[in-house]
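Accompanying notes for the structure given below.
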2 protein chains.
Amino acid sequence: MASSFSARRSKTSIEPHAAPTIDLSAVIMAATPDEPRVLTVRSDPQQPEGLPSGPLQSQHRTLEMGLRSWVTEQTQLTLGYVEQLYTFGDRDRAEAHDPNAGHALSIAYLALVQEARPAGLAHAAWQNWYDYLPWEDWRDGRPKALDVIEPALKAWARAGGKPLRQFREERIELTFGFEARTWTDERVLERYELLYEAGLVPEALRDGATAAKARIAPGKPMALDHRRILATAIGRLRGKIKYRPVIFELMPAAFTLLDLQRTVEALSGIRLHKQNFRRLVEMQGLVEETGEVTTKTGGRPARLVRFRREVLLERPAPGVRLPRLR
Amino acid sequence: MASSFSARRSKTSIEPHAAPTIDLSAVIMAATPDEPRVLTVRSDPQQPEGLPSGPLQSQHRTLEMGLRSWVTEQTQLTLGYVEQLYTFGDRDRAEAHDPNAGHALSIAYLALVQEARPAGLAHAAWQNWYDYLPWEDWRDGRPKALDVIEPALKAWARAGGKPLRQFREERIELTFGFEARTWTDERVLERYELLYEAGLVPEALRDGATAAKARIAPGKPMALDHRRILATAIGRLRGKIKYRPVIFELMPAAFTLLDLQRTVEALSGIRLHKQNFRRLVEMQGLVEETGEVTTKTGGRPARLVRFRREVLLERPAPGVRLPRLR
DNA sequence: CATAGAAATGCTCGATTTGAGCATTTCTTG
DNA sequence: CAAGAAATGCTCAAATCGAGCATTTCTATG
């Protein structure tokens, strides 16, 4: 297309460097009542694993079709829900910090799948989200990772001058809520980025952060900026389940209400009040009876329910609203 | 970066066609209490106007910096809030429908600015959103555009076979809510896409839709797929103001509560209950007194207030929650 | 200069929604 | 058969929401 600014642009633009490279990357998620999972691949045994990614191929009419096509081809997984996440293009994602390197663009997608059966791809594996971002899991109380992170972040804030220090402290409080004891489950990306800026994740050091002596937050790194992409995906999904019934994309055809609750808890990283969760789900008409029960629950047998697809047509914003933590 | 699928890819990939072209496009918005506005440019007097867009230049470290840079350079506008919207890359956005053409990728950004002073760019102008999407404005009751759209959409649904017909009817009801009288202000993109698929917007005909005899929905077209991008931006902004105080990015430094309400109404396209709106804003602590009043309101003088920046640090999700319409 | 008109503001009230728990029911297991 | 574990049913108070009435305080007008 012709640039709308072409007249002016020709005066100011610089001869393009290397043409940007473009790929599609996918955060493919699955979940059990215990564990939220993401599909990772390891191309180089020496390097940390990363997200599956592939080239943009122009024979597909839409980007999403291109994504579905190569994911299916490579992993034999059938993607359910797919949404575009974000286009990452900051220059520091280039592997080598070659100032002449062009942008390495990556269009990231979030995809949800039901079955967590092993991927057909060699070196691909399902991993627990929280192996990478352990501070995001509050299901068993305050994550121990924060015992390292909190003092390290506070030290980082103190290291700045007066105004910078206050700014940093506010940002820390906003994202981690140490003082107010407020945890906002969706701020996953903001927290990761704060840790990155504070030099508390290995990726930052790799990218040339100064704070070499800073403590490192627990959690496995990933290749390139893939942990950032994962954080983006988790934040997006945590937000989405509150107003869209996407949680069912991760559930089997029939499940118990506790399975559903546990899965929501796994994704959101917080515990919910059982009775209120049930009330919410029933009153929103999100599920319907299958007529069957399961006795494998370890207690009174539970009804098996399934997703009521009709809700997609009824309520403007059906989803699993969550209470605040604390 | 090396593709994680490189081993397999080499077997399956096709020799790339033309390298994709990439540009950044910006939905730059401003608002008055009466009118939500978007900045448009017209490069060709014969063609409908479009959104400002420019090339991706690799000298900027981040995509957002690149965007800010060329927007400032070209329009003299200072962007406040900026967020990435979406990357549009479907092949049908290429001007000519050349099957050999590569993708034309456009990374679209939403930007909010305070002043609606005329842009410095030739052929650039602020336009009312609703010139392009008149069915989105319910402030004065049901938009007349729907008198054309409703029967045309229903005719389109009837034109399909049994299962297709029901599917279409459900989609129409979900997005436009004709029967249930429910209007979900955020579903701007879904509505536009439905009209596009039904062949009710000129862009669809231009792109080769079959339904040449179908009636055309009121509303000015834009160049390429820019009306779709605008719809994406409006939907995003309508959603965002409900849980983030971004509305203040569009307000002057001091304003009355009614100004604020009218601006929210302009963006969301629906009317609000005055007293409840005030209660909400006051109780959330979104504003603070400036101590001054204005007598230009045509009635009892109104207090002038300003945004209370501290709320950014307090509430996890401050914003202007809206009631449902009806 | 009294009055009508237009907003700004203050308050009330019932209907819902939320957050927490208590109490029962109905399985499995030792 | 008793203990333990869940599933389910219900209650209750606090907070929020949706509507509307009543007052106050300006400006514009005859």
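We name chains A, B, ... by the order of the sequence lines, and we start the count at 1 in each one.
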To the nearest angstrom, how far is A:L272 atom CG from C:dA20 atom P?
-> 11 Å
Would you say A:K274 reaches D:dA6's phosphate, i.e. side-chain N/O to OP1/OP2 under 4.0 Å?
-> no
A:R139/A:E265 ion pair, N-O < 4.0 Å | no
Is the distance from OP1 or OP2 of C:dA8 to the nearest side-chain N or O of B:R303 less than 4.0 Å?
-> no
Is the cationic atom of B:R142 (NZ for Lys, CZ for Arg) positioned less than 6.0 Å from the six-membered ring centroid of B:W183 and within 45 degrees of its normal?
-> no
Ion pair present between B:E186 and B:R236, side-chain N to carboxylate O less than 4.0 angstrom?
-> no
Per-nucleotide protein contact string for nucleotides 25-30 of chain C, where B marks a base within reach and S marks sugar-phosphate only (heavy atoms under 4.0 Å, - for neither) | BBB---
Given atom CG of A:L257 and atom P of D:dA5, what is their separation to the nearest angstrom?
-> 21 Å
Whole angstrom value for the distance that separates P of C:dC11 from CE of B:M283 | 14 Å
Which residue, B:R279 or A:R279, contacts DNA chain C at a nucleotide closer to its 5' end, judged by nearest heavy atom?
-> B:R279
Measure from the side-chain heavy atoms of A:L280 and tell me the nearest of C:dG19, D:dG18, C:dT18.
-> C:dT18
Looking at B:R181 and B:E173, does any basic side-chain N land under 4.0 Å from a carboxylate oxygen?
-> no
Integer-rounded Å distance: D:dT16 P and B:R278 CZ = 20 Å
Rounded to whole Å, CZ of B:F255 lies from P of C:dA8 at a distance of 14 Å
Before giving the answer on side chain to side chain contact (heavy atoms under 4.5 Å, CB included), spell out for A:L174 and A:E170 the whole-Å C-alpha distance, their side-chain angles and the decisive distance to 0.1 Å.
-> CA-CA 6 Å; A:L174 186 62; A:E170 287 174 349; over 6 Å; no
Length of the CD-P vector between B:Q275 and D:dT16, whole Å | 19 Å
Using side chain to side chain contact (heavy atoms under 4.5 Å, CB included) as the criterion, list what pairs up with B:E193, not counting sequence neighbours.
-> B:L189, B:R228
Gap between atoms CG and P, on B:L258 and C:dT9 respectively (whole Å) | 10 Å
Side-chain H-bond candidate by donor/acceptor type, A:Y192 with A:E190, under 3.5 Å | no
To the nearest angstrom, the CZ-P distance between B:F277 and D:dC17 comes to 13 Å
